Every structure is written in C-alpha cells, then in structure tokens.
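Predicted model, so just to flag it, every value in this text is computed and none were measured. Side-chain atoms are counted along with the backbone in the values below, which use heavy atoms only and exclude waters and symmetry mates.
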There are 2 protein chains.
Amino acid sequence: MRSLSHPGRDQLDLPAVLYALSDPTRLEIVRRLAADGERACGTFGLPATKATLSHHFKVLREAGLIQTRVEGVHRYNSLRKQDLDARFPGLLKAVLKASGPC
Amino acid sequence: MRSLSHPGRDQLDLPAVLYALSDPTRLEIVRRLAADGERACGTFGLPATKATLSHHFKVLREAGLIQTRVEGVHRYNSLRKQDLDARFPGLLKAVLKASGPC
DNA sequence: TCTATTGTTTGACAACAATCGAACGATAGG
DNA sequence: CCTATCGTTCGATTGTTGTCAAACAATAGA
C-alpha cells in the first residue's frame, strides 16, 4: 500500500464523524492524538489486537478525523484538527472537553 | 405506559450521545426540536414509518438527548438542552451549527 | 360503547459492525 | 538473503441496528 485515501475537507460528513467518535476505543485514540500529537499505531497500548486497532484507525481515517503518514514500517497518525475546526467549528473542542480531563 | 424513563443528568454518556446523533434521521429530529421547541412525535413529517420513528425517539430518549412528556394521546418531545449544556458544554451548539443552517 | 387517533411493542429480516486469529506485505537491519 | 517488526487484509463469528408490518394500548370524542 503506497498511499492511504483520506476524504477532502469538503467531504467531511457530520454523521460519519459523530459515529466514528461514538466508540470508546476510537474516542480514546482521538484524545491521545489531541494530547500528544502525532503517534504511530503501535504506541497506544489499548486493550485490543492489532487487527482490531487497525480497523478503528481505518474508521477514523475514512471519516476524516485522522490522517496517516507512512514512513518506513510505521504509520504516523495525527488529528486533522484544522480541517475539523474549519468544517465543524467547536465540535472537536467540545468533544474533547466532554470526554474528560486530558 | 405511564411514565417514560430518562437517564439523569449525571448518567449521560458521551459515546451514547454521539451515537444517537450519528443517524441522519435522529439528527434531523434534534435540529427541529432545537429550532421549534417542544413537538409531538407525529409532527415531523419524516420519511419513515411510525414504528421506525418511535424507535429513533427511544434511542434519543435513552441517550438523554430528549425528554418525552405524555399528555393525553400525544407525547411531546423536547431537547434536554440544559442537561446537555451542563454535562457537555458547547457540544450541542457545535453539532447544531455543523449540521447546517437552521 | 364504538371509533378514530397517537404512539409503542413485537417479530422478523437484512445490513452492518466489532472482534479475533491467521495470513500477508512492506521495510529495516543484520 | 534471512529475519524481525509493523501494520493491513481476509475469513469467520457474534452481536447490534435500521426498517417495516402487524398487533397492541391508551386516550378523546361522538
């Protein structure tokens, strides 16, 4: 796999974004990306197999919440904060705040 | 059915709220309640059967997004704006804004 | 009491989603 | 070239969800 597809800023769909955030594991991934910035997939230490985590990253990516950069054998994920803020002002901030202290 | 159960303000669960909002029909219901205030179930004119709509109202109610007041043969639904704002500040506003002009 | 209205519940079905183990692919380092 | 590492994909399983028609319950009005 050479490049991963991400939806454009204008293609972000609110229901899809809310759905992606409605899973506790995915919400936790987003919280950590918001707190720590770019991270590789394997560094989250979440209680799930790599197959399951790969699935969650895919859901987040296809909803436009994160972007994944391939570098060597790693995939570095980061929050698409600018795109999300542009399209859905205040949403990310409210969700992060509501999800508890960082 | 005499009374409908609603979760308390302290029991509102963010993933459940986000999930409830991630369905286009339910999001539309919330938007109309936000715009028009209290409304009976049958006044939404949405493209679904009454059984389906009843299901969506139930999901919204059990997630704590709306409250339902029984009066005669009608059930009047309203947004739990105060509870939502207290528990998840800014979330409802951001979602409504993101879901398009009212 | 009979009937129309309003909404819920039940039962069914197809579609989707979360999860896992196993197989696979790509890359870096010996 | 061989091997270890990182992550994706496949196949299967299990459970959830959206949808509808039909039956039901509660109320209001004639």
A.B. asks: Atom CZ of A/F57 to atom C1' of D/dT8: distance rounded to whole Å?
C.D. replies: 13 Å
A.B. asks: From C/dC20, D/dA23, D/dG18, pick the nucleotide closest to the side chain of B/H56?
C.D. replies: D/dG18
A.B. asks: Go through D/dA21, D/dG18, C/dA18 for me and flag the one nearest to the B/R26 side chain.
C.D. replies: D/dG18
A.B. asks: Indicate whether OP1 or OP2 belonging to D/dA26 is found under 4.0 Å from a side-chain N or O atom of B/R75.
C.D. replies: no
A.B. asks: Return the value, rounded to whole Å, for the distance between atom NZ of A/K58 and atom C1' of C/dC20.
C.D. replies: 16 Å
A.B. asks: For the side chain of A/V73, counting heavy atoms from C-beta on, which of D/dC20, C/dA18, D/dC6 is nearest?
C.D. replies: D/dC6
A.B. asks: Please find the pair of heavy atoms, one from A/L65 and one from A/V17, that lie closest to each other, and give the distance.
C.D. replies: CD1-O, 3.9 Å
A.B. asks: Does A/K81 pair with A/D85 as a salt bridge, N-O distance under 4.0 Å?
C.D. replies: yes
A.B. asks: Consider the side chain of A/Y19, meaning its heavy atoms from C-beta on, and name the nucleotide among C/dA17, C/dT6, D/dT8 that approaches it most closely.
C.D. replies: C/dA17
A.B. asks: Could you tell me how far apart B/H74 (NE2) and D/dT27 (P) are, to the nearest whole angstrom?
C.D. replies: 13 Å
A.B. asks: Using atom CD of B/E62 as one end and atom C1' of D/dT16 as the other, report the distance to the nearest whole Å.
C.D. replies: 14 Å
A.B. asks: Please name the residue in the list A/V95, A/I66, A/L79 that meets the side chain to side chain contact (heavy atoms under 4.5 Å, CB included) test with A/L84.
C.D. replies: A/L79
A.B. asks: Take atom CG of B/D23 and atom C1' of C/dA17, then tell me their distance rounded to the nearest Å.
C.D. replies: 15 Å
A.B. asks: Spell out, yes or no, whether B/V59 and B/L33 are grouped together once hydrophobic residues are joined by side-chain heavy atoms under 4.5 Å, including indirect joins.
C.D. replies: no
A.B. asks: Which whole-number value in Å describes the distance from B/L27 CG to D/dG18 P?
C.D. replies: 13 Å
A.B. asks: Could you state the CZ-C1' distance from B/R69 to C/dT6, rounded to the nearest angstrom?
C.D. replies: 15 Å
A.B. asks: Out of C/dG21, C/dT19, C/dG7, which has the shortest distance to the side chain of A/T52?
C.D. replies: C/dT19
A.B. asks: Respond yes when some side-chain nitrogen or oxygen of A/R61 is under 4.0 Å from OP1 or OP2 of D/dT8, and no when none is.
C.D. replies: yes
A.B. asks: May I ask you to evaluate whether A/T49 reaches the phosphate of C/dC20, defined as a side-chain N or O under 4.0 Å from OP1 or OP2?
C.D. replies: yes
A.B. asks: Over how many whole Å does the gap from A/K50 atom NZ to D/dC10 atom P extend?
C.D. replies: 15 Å
A.B. asks: Can you work out whether A/T43 or B/E71 has the more 5'-proximal nearest nucleotide on DNA chain D?
C.D. replies: A/T43
A.B. asks: Which part of the nucleic acid, if any, lies within contact of A/H55, taking any heavy atom under 4.0 Å across all strands shown: a base, the sugar-phosphate backbone alone, or nothing?
C.D. replies: base
A.B. asks: Contact class for B/Y76 (heavy atom, under 4.0 Å): base, sugar-phosphate, or nothing?
C.D. replies: nothing
A.B. asks: Taking all heavy atoms of B/I29 and all of B/F57, pick out the closest pair and write down the distance.
C.D. replies: CG2-CE2, 3.6 Å
